Structures are given as structure tokens and as C-alpha cells.
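In what follows, a structure is listed as C-alpha cells, so that the remarks can point back to it.
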Amino acid sequence: MTVSELDFSEYKYLSVFSSGHVVSSSMSFGNGFQGKAFLVFPPEQAKLLVTACVGEPVLPVENENIICLVDTDLDILREIGNLIINAIIGEFGNLLNIRVEYSLPEIELISLSETQKILLENDIYILVLHTSFTLSKTRITGAVLIALSLNSVSLLLEKVNELSEDLNG
Amino acid sequence: MDSLLSQVLDQVNIGTIVVDQNLDIVIWNTWLEQFTHILKEQSIGQKIKTICPRFGDKIFHEILHKALFFGQKRFCSGALHHNFVLPSKKTNDDMIRQNMQIGPVYYNEHTYALIQIMDVTSHLSRVYQLKNVIKTLEAENEHIKISEGIYKRQALHDCLTKLPNRTLLGEQLNLAISYAQRNAELLAVLFLDLDEFKQVNDNFGHPYGDELLRSVSERLQSCIRKSDLLSRLGGDEFIIVLSQIKTKQDVSIIAEKVIRAFEHPFKIFDQAVYISISIGISLYPSDTQDPEDLIKKADTAMYRRKKSRKKSFLFFDGEWDLDPRSEID
């Protein structure tokens, strides 16, 4: 997985997706470091990912209007989201030396405007990592969106300053 | 209270296992007893991988470790992993599908891992059936689309020669006129009619005539550019629309080429057949700007040509009577 861009509240993540629906696998986390993380894919990318995971031949989606995601596909996406978000948030926990509590992942098929509404209410700070990764020679693109509480942002900034001081002596 | 919780745990419709940090089983509920035929007394205190061998796999061992020591929760789908706990009696294991959730539980300063097994075999079976239905519908939809394409093609093409018919000619001529208008170019409509074709049908029969028409259409096609349009109106009448024409002379050159192409015989059922063709020509925009009118004027020119001298072409003249069948000199 490559982290290609870091974006603080400029809403550039909107450009990752065209209008319409996106598939979101999300997890809340708390206990000192608090927020909610989303792994978001356009449906055609989600379908490619599922197909690659179950070992079926990955063919380009011919008609993007007919993308059929059934329950089993959503379960697989939920698990993938769980795996990736656990890894990312776990690293934050390691960095801050905090034991993070995790929720179980939720999977949703939502419109982009709904995502925006959910993420932006109450002036939540959002850390956006535009990501892409290669799986079975298939390039999949999506985004990891991490919404953090103000306290958690402060904790992160303090830690960054600490590291910076250590590095600069 | 413990007894109440224990009763509740035994009545839930999911498999519930709790293991401690040594991965020894602490709780094994009734659902699991019924599913695996392994009793509580046989499982509690045993290593989980002894009772459920899949937890000996590295992936599940790591998941348990992360739940116990890092507080992580994990969802594992039956669609990917198939199953985690199997019945002791040999059954068709491959049919069993289970989802699993693993998470930490903290009690009396100890950390435990709670494993929940949900049987989703029948649910996933319905999903796979639904997937198959969707695939069948998609295949049928594709078949309908192909059929529609064939019907559309049949509706717009002549079944004998496969050339565009009068309907498609009308559409294509409109487009060609628009193109010529935008680019300030000439456009020519050539009305072609085989000379004495009726005699071929009368002397040799209709199958012979049909074969000749097919050969004629191929030869006409070889005389024109890809950007030009050849269409069969019916009987022995054809239309050629020449686009992107600079001068009237260019049209004459192509018409001459077509006439000369008919100097060689056609080989029909191993027999050489000689037939000639007469051509009437109208021009856009000098003769008219109306597509129907262009065809009508080319027809008039062709009719006049045929009456006076076959095997040649004639441009429409604005001085003529428009009715192609009217008396001519």
C-alpha cells in the first residue's frame, strides 16, 4: 500500500471519487486516541478487490452502471477494511503508546454527499490518506479517511513535536 | 447472576468461545456442544487449537494474539475463510460457511479473547443462488441485446445483399448532407439501374438473378471509397452517395469507373453473364439541398439516360421535368 498524499481538511478526497455511490468500511476507535476511520472505494474498485480476494479472474468492469455487490462481497470488504484500519490505527497507538479500543467494522454503500455529511458534522478534523495498492497484479485505488477528535489531534501534534525535538537534538 | 449469564450464553444462537492469554478454552457454549458434539467438560481447559485445529493456522493465531495483547477486534468472513469450527462427525465440511468475530474481554485484570462463530451456510447459499440468478439474467440480457442488434441490422439492411436499405440510406444521406454543409463540400447521389436485368431473371430464374445482384453489390463496393455509401433500394436499383467531393469532374471519374467495372462478365454458377448499368446523378447543393429530392432527381437522370443510351451516366439538368417517367426527347 502506498500513501500518496496527505491532506488536512482540504476535502481533496472528493476528487478521488466520481459522483454516485461509494463502498465504505468503517471502524470507530477510542480510549485516549479517539475517532473513526473509513476505507472507501468506488464500487467498481471494490468489486475488483473482492474478485481478486476470492481468486476469480480480475476482468475490467465493462459497464460501471451495473456493479453488483452481494452480501458476501460486502463481508469480504468489511474484513479488508478491518484489517487495514486495524493496522493503521494500531500504528497510531504504538506511536502514542496508548492502548486503543476498536469497534467491529461496519460496511455501508453510501452516496458521496452522505459521507461528506457524516464526516464533516461538528467540525471534525479529518486526516485523509489517498491510498492505492497492488493486489494480484491489479491496481486498486481508494482512500482511507480518518476523522479524529480534537484531543487526538493535539496528542498527535504533541508527539510529532516531541519526535521533531528528538531528531533536532 | 453467574447462573443467569451462563443460561443466556447457552441459549444464544451463535458459537461462543472464550480463551485466556495461554489460548486455553475458558468458555464453550451449548451451541458449540450441539454443533461439534464436543462437550464443555471435554473442551474447557484444552488449548483451542487442539479442539479447533484451524486456530493452529498462523493467521488465526495472530488474530487471537492481537486481540489478547493489543485489544484489536477482527471480523473474518465465511466467503473468504469458509469455516472455523467443524462438526466432529465427518460431514461435507466444504459446504459449511461461518462468519467469525474476535475481540478482547477484560475481567479481573485479565484479558480474554471472545470468539463468536455465526453459521451463515444457508444465508450464503441463498446469496450464491442469487448470484447465479443475476448471472443468468445478465447472460439473457446480453442475448437480448445481441438479438436486438441483429433485428436492428435486419431492419436497416437489405437481406439479399446486406447493403443498407432505403431507411438507412435516408438516415445516412441526412448525415452526409449535414457534413457537406459544414465543410462547404459537394455531395453526389448516383442512381444505378442494371440494364435488361429482367431478362436474366426470365431466362435463368430468380436464384440466378439473386446471385447476380449479390455479385453486382460486391463489384460496386469495390469501385467506391470507404467513406462513400452504397445502398440497395430494391429490385435492380442501387444508390451510391459520394461524400467529400471537390468538383463535378470527380463524380464523373467515379461514374466512369463503375461503368467500366461492368465491362467484365460476372461468373454466376460457373456461367459468364454480361450485364451493363446506367447511372443518373444529382448534386448537392446545386440541384437541391433536400435528401429525398436528390434521390428523385438522380432517378430522373438515370431514367433519361436509360431511354436514350444505356451503359453510361448522365447528370441531372434543372431544365427537365421532375417526373422521371414523363416523356423525354
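Only a predicted model underlies this, so the values are computations on that prediction, with no experimental measurement involved.
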Chain B contact via A:V50 - side chain, backbone, both or neither, heavy atoms under 4.5 Å: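 No part of it gets close to chain B.
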
Side chain, backbone, both or neither: which part of A:D73 has an atom under 4.5 Å from a heavy atom of chain B?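 The side chain, not the backbone.
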
If you count every heavy atom of other residues, nucleotides or ligands that lies below 6.0 Å from [X] atom [atom1], does the total exceed 12?
X      : atom1 : value
B:K47  : NZ    : yes
B:Y106 : OH    : yes
B:H61  : NE2   : no
B:R166 : CZ    : no
B:K49  : NZ    : no
B:M95  : CE    : no

Tell me, which pairs form a ring-ring contact (aromatic ring centres under 6.0 Å, His included) where one or both residues lie in residues 3-31 of chain B, sequence neighbours left out? B:W31-B:F35

In Å and rounded to the nearest 0.5 Å, what is the [atom1] to [atom2] distance from [X] to [Y]?
X      : Y      : atom1 : atom2 : answer
A:D75  : B:L80  : CG    : CG    : 9.0 Å
B:F75  : A:R78  : CZ    : CZ    : 4.5 Å
B:Q116 : A:L104 : CD    : CG    : 7.5 Å
B:I63  : A:N86  : CD1   : CG    : 9.5 Å

Does any heavy atom of chain A fall under 4.5 Å from the side chain of B:F69, the backbone, both, or neither of them? backbone

Side chains of A:L83 and B:R74: does their closest heavy-atom pair fall under 4.5 Å?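 In contact.
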
Are A:T72 and B:S77 side-chain neighbours, meaning at least one heavy-atom pair lies under 4.5 Å? no

Is any residue of residues 13-25 of chain B within less than 4.5 Å of chain A by heavy atoms, and which ones?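 Interface residues of residues 13-25 of chain B: none, nothing closer than 4.5 Å to chain A.
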
Using every non-hydrogen atom in the two residues, find where A:R99 and B:F70 come nearest and quote the distance to one decimal.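 A:R99 and B:F70 have their closest heavy atoms at NH2-N, 4.3 Å.
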
Name the member of B:R97, B:K66, B:H81 that forms the most heavy-atom pairs with chain A at distances under 4.5 Å.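 Among the listed options, the one with the most contacts to chain A is B:H81.
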
So that I can tick it off, tell me whether B:K73 and A:E101 are bridged by a salt bridge, with the cut-off set at under 4.0 angstrom between side-chain N and carboxylate O.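 No, A:E101 and B:K73 are not salt-bridged.
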
